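Worksheet for the structure shown next.
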There are 2 protein chains.
Amino acid sequence: MRLVIADCQVDYIGRLTAHLPTATRLILVKADGSVSIHNDDRAYKPLNWMSPPCKLSEAPFEDGAATWTVTGKDGGQLVISISNVLHDSSHELGVDPGLQKDGVEAHLQELLAEHPETLGEGWTLVRREYPTAIGPVDLLCRDASGGAIAVEIKRRGEIDGVEQLTRYLELMNRDPLLAPVRGVFAAQEIKPQAKVLAGDRGITCITVDYDALRGMDDPSLRLF
Amino acid sequence: MRLVIADCQVDYIGRLTAHLPTATRLILVKADGSVSIHNDDRAYKPLNWMSPPCKLSEAPFEDGAATWTVTGKDGGQLVISISNVLHDSSHELGVDPGLQKDGVEAHLQELLAEHPETLGEGWTLVRREYPTAIGPVDLLCRDASGGAIAVEIKRRGEIDGVEQLTRYLELMNRDPLLAPVRGVFAAQEIKPQAKVLAGDRGITCITVDYDALRGMDDPSLRLF
DNA sequence: GCGTCGATTTCGATA
DNA sequence: TATCGAAGTCGACGC
């Protein structure tokens, strides 16, 4: 990893065209060849960048001034004109063991698939990722009387999710083997607008308690 | 801007829980207080970060080892245990003049508004950002025979865009002064699923050649 | 301030 | 390898 602090001017021609007037910035060159240009605000998004794989060629001038041309695999180019280098250092970082995450939508779906009864009494799971022509429904369940229920699961329930479920329901209700199919929108948190839209479409909203579900899933609590 | 290269272990508790085992990484502290942890690959996304506004408190130990606790406004915490500092430097960057872009959706809309005939022969523009109760339609045009056409423009055409246009059409077709209104979904690239959904809704898909449009817009080609 | 929407989104899983 | 949906999305603009 190479860190350069310098006055620079940057032009990008690729998926769009962009220009960055001269100013002092951080130029970050990673071991994978990627280059990113950071200013002193915005937590993580650079002003300009080139994703790997890409190739960096340097054309040095006097006084440490140089033009760097970074060419991406799609032919996009990032041209960096460096005029005044304040800092330049390289560092060996080695391989990173990687990040471990917990608490995403996949896990929520997993837990609800294991415990469909938390959505409604007597409900059973038919299958996860039930396929339709426009994509898979998160869960297909049956209620105590055998009626089909399509369940859409989100971490945060917003309008998009209700739209998505509406599309699935429209299609599934054309299938005589399934119809009538009810819709359930399950999320850790459901925005008021999403609730209103769901109500208007006859879709039931269920707010899911992730911690409680995770507790049910705790192996130490399993007695069977 | 402060750059630290050090062995570190990171734990994040906030919107999710994440753990990062010890390894050598770049810790980037920006003037706005934001902190991000980078390894030596992935173009620009940090492994972990805290967005501003947030507060950094350092608890130093011997040999430069320390624990940094970064607390966000939502109460989320990023705990960084630093054990071996290889580099530590600070730099004054000043204000950035900012990025100038060309080729985003706004520009595409501008070009299509100037050249509605590229969407259909004899088509004319009624207006851009035609207002409806649920938001503005990108373009309202009329075809050669005077029929109304609502045009939704995206850089990349996906299902969401078709949904959006469908809602507009539903409303506009209730207006006796406009109805019947046809729908056109225009984008540089349209995903198969979006095409299927659009076809099902009777919406026409048009793939737009941005470079050709920009060429038409080239002042040197203007003879009038 | 929240809500909506675009993004050189990036990233990961899946067919 | 394309495609599709999620993201600790972020960030900008409108109300």
Side-chain angles (χ1 to χ4, degrees), chain A residues 10-18 20 34-37 41-52 54 70 72 74-78 98-99 101-109 129 131 134-138 152-156 158-161 164 187-188 191-194, chain B residues 10 12-18 34 36-37 41-52 54 70 72-78 98-99 101-109 129 131 134-136 138 152-161 163-164 167 187-196:
Chain A
V10 186
D11 285 281
Y12 168 73
I13 299 178
R15 286 187 270 215
L16 56 61
T17 303
L20 212 42
S34 64
V35 178
S36 52
I37 319 284
D41 55 24
R42 285 199 275 193
Y44 78 73
K45 194 164 191 185
L47 293 161
N48 272 111
W49 69 93
M50 184 65 77
S51 302
C54 58
V70 188
D74 61 353
Q77 278 199 331
L78 192 66
L99 186 66
K101 289 186 184 180
D102 176 31
V104 288
E105 180 188 315
H107 198 185
L108 196 57
Q109 187 192 112
E129 305 289 350
I134 54 169
V137 179
D138 288 337
E152 178 64 34
I153 301 167
K154 295 282 178 205
R155 200 173 53 81
R156 292 181 194 178
E158 295 176 32
I159 279 186
D160 279 8
Q164 198 179 335
Q188 277 185 270
K191 294 279 170 75
Q193 287 201 341
Chain B
V10 186
Y12 168 72
I13 299 178
R15 284 187 269 220
L16 58 64
T17 303
S34 64
S36 52
I37 318 283
D41 54 26
R42 287 205 269 191
Y44 74 73
K45 194 167 188 187
L47 292 161
N48 258 322
W49 71 93
M50 185 63 78
S51 302
C54 58
V70 188
K73 63 169 175 182
D74 61 353
Q77 277 198 333
L78 192 65
L99 186 66
K101 290 183 185 184
D102 170 35
V104 290
E105 181 189 315
H107 201 166
L108 194 57
Q109 187 192 117
E129 304 289 349
I134 54 169
D138 287 336
E152 178 64 33
I153 300 167
K154 295 285 179 204
R155 207 169 52 81
R156 292 184 191 179
E158 296 175 32
I159 278 185
D160 280 6
E163 290 289 8
Q164 199 178 338
R167 289 194 292 267
Q188 282 183 265
E189 179 199 347
I190 301 179
K191 293 282 168 75
Q193 286 202 345
K195 280 187 185 170
V196 170

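So that the names make sense, note that chain A is the first sequence line, chain B the second, and so on, each numbered from 1. Since the model is a prediction, treat every value here as computed from it, not as a measurement.
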What is the distance, to the nearest angstrom, from the [atom1] atom on [X] to the [atom2] atom on [N]?
{"X": "E105(B)", "N": "dT8(C)", "atom1": "CD", "atom2": "P", "answer": "12 Å"}
{"X": "E189(B)", "N": "dC4(D)", "atom1": "CD", "atom2": "P", "answer": "10 Å"}
{"X": "I190(B)", "N": "dA2(D)", "atom1": "CD1", "atom2": "C1'", "answer": "17 Å"}
{"X": "L108(A)", "N": "dG8(D)", "atom1": "CG", "atom2": "P", "answer": "14 Å"}
{"X": "K191(A)", "N": "dG1(C)", "atom1": "NZ", "atom2": "P", "answer": "16 Å"}
{"X": "L78(B)", "N": "dG8(D)", "atom1": "CG", "atom2": "C1'", "answer": "11 Å"}
{"X": "I153(A)", "N": "dG5(D)", "atom1": "CD1", "atom2": "C1'", "answer": "14 Å"}
{"X": "Q77(B)", "N": "dG8(D)", "atom1": "CD", "atom2": "P", "answer": "19 Å"}

Quick check on DNA chain D: between R42(A) and N48(B), whose nearest nucleotide comes earlier from the 5' end? N48(B)

According to a strict under-4.0 Å criterion, is [X] in side-chain N/O contact with OP1 or OP2 of [N]?
{"X": "S51(A)", "N": "dT8(C)", "value": "no"}
{"X": "K45(B)", "N": "dC11(C)", "value": "no"}
{"X": "R15(A)", "N": "dT10(C)", "value": "yes"}

Side chain to side chain, R42(B) and L47(B), heavy atoms closer than 4.5 Å: yes

Hey, is K154(A) close enough to E152(A) for a salt bridge, meaning N to O under 4.0 Å? yes

When the P atoms of dG8(D) and dC5(C) are considered, how many whole Å apart are they? 22 Å

Measuring only the C1' atom in each nucleotide, how far is dT8(C) from dG14(D)? A whole number of Å is fine. 25 Å

Here the pair of heavy atoms bringing L78(A) nearest to Y12(A) is CD1-CB, 3.7 Å

If you take all heavy atoms of A187(B) and G157(B), which pair is closest and at what distance? CB-N, 3.5 Å

If we require ring centres under 5.5 Å and near-parallel planes under 30°, does Y12(A) stack on dT8(C)? yes

W49(A) on top of dT8(C)'s base, within under 5.5 Å and under 30°? yes

Counting any heavy atom closer than 4.0 Å, what does [X] reach on the DNA or RNA strands: base, sugar-phosphate only, or nothing?
{"X": "M50(B)", "result": "base"}
{"X": "I159(B)", "result": "nothing"}
{"X": "E158(A)", "result": "nothing"}

Assuming nearest nucleotide by heavy-atom distance, tell me which of A43(B) and E152(B) is located more 5' along DNA chain C. E152(B)

Per [X] side chain, nearest of listed nucleotides [options]:
{"X": "Q193(B)", "options": "dA6(D), dC5(C), dC4(D)", "answer": "dC4(D)"}
{"X": "Y44(A)", "options": "dG8(D), dT8(C), dC10(D)", "answer": "dC10(D)"}
{"X": "V104(B)", "options": "dA6(D), dC4(D), dT8(C)", "answer": "dT8(C)"}

pair_partner(dT3(D)), Watson-Crick or wobble, both distances < 3.5 Å, evaluates to dA13(C)

What's the spacing between I190(B) CD1 and E158(B) CD if we round to 0.5 Å? 11.0 Å

Nearest 0.5 Å, please: how far is NZ in K101(A) from CG in N48(B)? 9.0 Å

